[in-house]
Protein chains: 2
Amino acid sequence: MAKTVEQIATALGLSVTTVRLVLSGKAAQYRISAKTQQRIASYVDEFGYSINHTARSLKLNKTDTLGLIIPRLSNIFFATLAEKLEIRCREAGYQLMISCYYNDSPYENQLVDALIHRNVDGLFVVPASLGNQQHHLKTSTRPVILLDRDFATPEVSLVLSDNVHGSERLTEAMLQQAVPPIFFLAGDINQPTIHQRLIGHKRVMERHGLVHPEWVVTGTYNSREDGDLMMRRFIEERGSFPGAFIASSLPVLEGALSVLREKWGVISPEINIGTFDEHPMLGFLSNNIWSVRQNEDAWAEHAVDAMQRLINGEKGPIRHVIPMTLIERRRKASVSG
Amino acid sequence: MAKTVEQIATALGLSVTTVRLVLSGKAAQYRISAKTQQRIASYVDEFGYSINHTARSLKLNKTDTLGLIIPRLSNIFFATLAEKLEIRCREAGYQLMISCYYNDSPYENQLVDALIHRNVDGLFVVPASLGNQQHHLKTSTRPVILLDRDFATPEVSLVLSDNVHGSERLTEAMLQQAVPPIFFLAGDINQPTIHQRLIGHKRVMERHGLVHPEWVVTGTYNSREDGDLMMRRFIEERGSFPGAFIASSLPVLEGALSVLREKWGVISPEINIGTFDEHPMLGFLSNNIWSVRQNEDAWAEHAVDAMQRLINGEKGPIRHVIPMTLIERRRKASVSG
DNA sequence: GTGAAAGCGCTAACAT
DNA sequence: ATGTTAGCGCTTTCAC
């Protein structure tokens, strides 16, 4: 069905230039005769025309494709971010290629290499570590925009949330309702995002004169398994569950709560819970729960905008820090029925 | 850094053929001299070599890229499916391009057209409607494998869950615990997946002599909003919430439960809940809850395998119906502390 | 053992 | 107003 420019040209006894000109809407500009336009139009009507994007890419040395490399899609935050990025990329004329590395650092590097081989025009990546980040910046022949993780390296383009302030607001809000101590279940505190969240939390606690080293529980990964482990250890050491705590991320929260359900058959509704990242299912809990939402829409907007500027040769680095939104779910929203 | 074959050839005073042969590991086969191999090897060691995938695609008329078109990524089922498909595609040497249509049918068609223009070698798609499906099959010049929705059209390649049996098992399990009636909150019953689930449910209810038309509540979409609406209407009509119900999908469940929390401040733990699709956060509920998990891993395995066979010219259609897994969460798993 | 050359479909520069 | 042509980097066929 779909014909190439050349097939149309030879079929009509025209040159490729003429056909291209009318196909790209420049007929008027180059004063192609009405009848020629007619002939081409009706031919295309009948047989169709489909540009070969691959040939175009080879010639122009650009694929109109951007890459996105993230830890995983089954994490609601990254899934939503991918959605928003995909939408904005398409609006900007780019196709997005999404790949996940499942916390496998060497694999993350391979993904970058693979996408670069495929001539993507630019790369968005959430690096697992500073080492990965450096690999990407060194390897990539195209602009790289880093997401979510601030390894405090200068001269890199970066979009992320204002985790320190988000964490401050979360802690402040919880202190209005919950009787201290408020425990902080941190996953991997070497991961910059978690580190920032912990800083914000501690800052507020100190401001209120509430400091105790044992109120921060740390793990190794920001995973469900580690949330499980931290809560289990907590209960072993103290004999009971915390009256109020903050999870450094949603997987940690899932793990922590699964322990409570396993041990008590139910998650005590008295516990005041704080968490990073928002999910509709947080409403399934009967507890007071505060969540800090990251604004994926704003991330996407700024990231794609920055990417276009870098592709157009603008000098980086471009940095954006996006405010977070605090969402509060109170135990008894209403008593009417 | 990355050199092309030709750059290497001219730099070393060799021909592209020679360079290609050693680069593609056929040096021995064509008896390229050891010193020539050495020279090429050390040159590549120093400057690197990066194949231009675009040029290769143009020549071979294949991109080693497959497309995946789904409603949205923020739905955990589709996100997980995308993950599993991406992994298996990569194992098979393909890059996956994921795009979402957000329940916009015309947009879904555009996505297919866009991916076909980009010369993907094949397409996986979850069609929103029969009309969409027909568009894809007509438009696509490459193999299409449909996912999840069985519109009862013969001669199409299709991978989906065994929704009827899954639903039967879910209903049976709930009947062991819950006092009837069990209500069924169906979203869009015209959507084949939901239709099948309803069939399975009714079949078991009939078998137990439990039939009542009003026990099935229907909506228009399989969305959170519709779940909200259905539950709201239910409560208005009957004055209270159901003692046991099944949600036809996770978004419907989210909507339905949000109404309970809004009206009573809490989700009564006495309610027996069934739902399709599994999510770790279902454990946040204090209720007895049964969920029917779809086996995304098996989907991916069969879908990619089928795709490879179709690409290799095998005659379709290829169909796979994947069993579902019932997951049970009981209110009091244990009382020890 | 190694080389030369055509051609995939497009774009852009240059002719008429 | 319309036509010709080189070349993007690769693969493949044929030739020494």
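Note that the structure is predicted; figures quoted are calculated from it, not measured. Values reported hereafter were calculated over all heavy atoms of this structure, with side chains retained and with hydrogens, waters and symmetry mates removed. Throughout, protein chains are lettered first and strands after them, A, B, ... in sequence-line order, and every chain is numbered starting at 1.
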For this session: Provide, to the nearest angstrom, the distance between the CD1 atom belonging to Ile32(A) and the C1' atom belonging to dT2(D).
Result: 6 Å

Exercise. Among all residues two or more places apart in sequence or in another chain, which pass the ring pair (Phe, Tyr, Trp, His ring centres under 6.0 Å) test with His320(A)?
Worked result: His302(A)

Exercise. Between the side chains of Arg118(A) and Thr65(B), does any donor sit under 3.5 Å from an acceptor?
Worked result: yes

Exercise. dC10(D) phosphate, OP1 or OP2: any side-chain N/O from Thr54(B) under 4.0 angstrom?
Worked result: no

Exercise. Looking at DNA chain D, which of residues 110-120 of chain A put a heavy atom within less than 4.0 Å of it?
Worked result: none

Seminar exercise, completed: Residue pairs passing the salt bridge (charged side-chain N to carboxylate O under 4.0 Å, His left out) test with at least one member in residues 308-319 of chain B, sequence neighbours excluded, are Asp150(B)-Arg319(B), Asp305(B)-Arg309(B), Arg309(B)-Glu314(B)

Problem set entry | Trace of the side chain to side chain donor-acceptor pair (under 3.5 Å) decision for His136(A) with Glu108(A) | CA-CA 9 Å; His136(A) 308 333; Glu108(A) 177 186 335; 2.6 Å; yes

Exercise. Expressed in angstrom and rounded to an integer, what is the separation of Leu12(A) atom CG from dT2(D) atom C1'?
Worked result: 14 Å

Problem set entry | Range on DNA chain C touched by chain A - first to last nucleotide, heavy-atom distance under 4.0 Å | dG9(C) to dA12(C)

For this session: With DNA chain C as reference, determine whether Ser50(A) or Thr36(B) sits nearer its 5' end, using the nearest nucleotide of each.
Result: Thr36(B)

For this session: Not counting sequence neighbours, list each pair that qualifies as a ring-ring contact (aromatic ring centres under 6.0 Å, His included) and has a residue in residues 55-80 of chain B.
Result: Phe77(B)-Trp299(B)

Seminar exercise, completed: The ring pair (Phe, Tyr, Trp, His ring centres under 6.0 Å) partners of Tyr43(B) (sequence neighbours excluded) come to Phe47(B)

Exercise. Taking only residues two or more places apart in sequence or in another chain, which ones pass salt bridge (Lys or Arg N to Asp or Glu O under 4.0 Å) with Asp297(A)?
Worked result: Lys84(A)

Problem set entry | Where protein sits on nucleotides 11-16 of chain D, one letter per nucleotide: B base, S sugar-phosphate only, - none, heavy atoms under 4.0 Å | BB----

Problem set entry | Residues forming a side-chain hydrogen bond (donor to acceptor under 3.5 Å, both in side chains) with Asn190(A), sequence neighbours excluded | none

Problem set entry | Residue pairs passing the salt bridge (charged side-chain N to carboxylate O under 4.0 Å, His left out) test where at least one lies in residues 89-103 of chain B, sequence neighbours excluded | Glu86(B)-Arg90(B)

For this session: Taking the side chain as every heavy atom from C-beta outward, state whether Ile69(B) and Phe124(B) have any atom pair closer than 4.5 Å.
Result: no

Exercise. Looking only at side-chain N and O atoms, does Thr18(A) come under 4.0 Å of OP1 or OP2 in dG3(D)?
Worked result: yes

Problem set entry | Qualifying residues under salt bridge (Lys or Arg N to Asp or Glu O under 4.0 Å), relative to Lys59(B), sequence neighbours excluded | none

Seminar exercise, completed: Terminal axes of the helix from dG1(C)-dC16(D) to dT16(C)-dA1(D) (5 end pairs apiece), angle rounded to 10 degrees, sit apart by 50°

For this session: Please tell me if the side chains of Leu23(B) and Ile8(B) come closer than 4.5 Å, counting only heavy atoms from C-beta onward.
Result: yes

For this session: Measure the shortest side-chain to side-chain distance between Arg142(B) and Leu115(B) over non-hydrogen atoms and say whether it is less than 4.5 angstrom.
Result: no

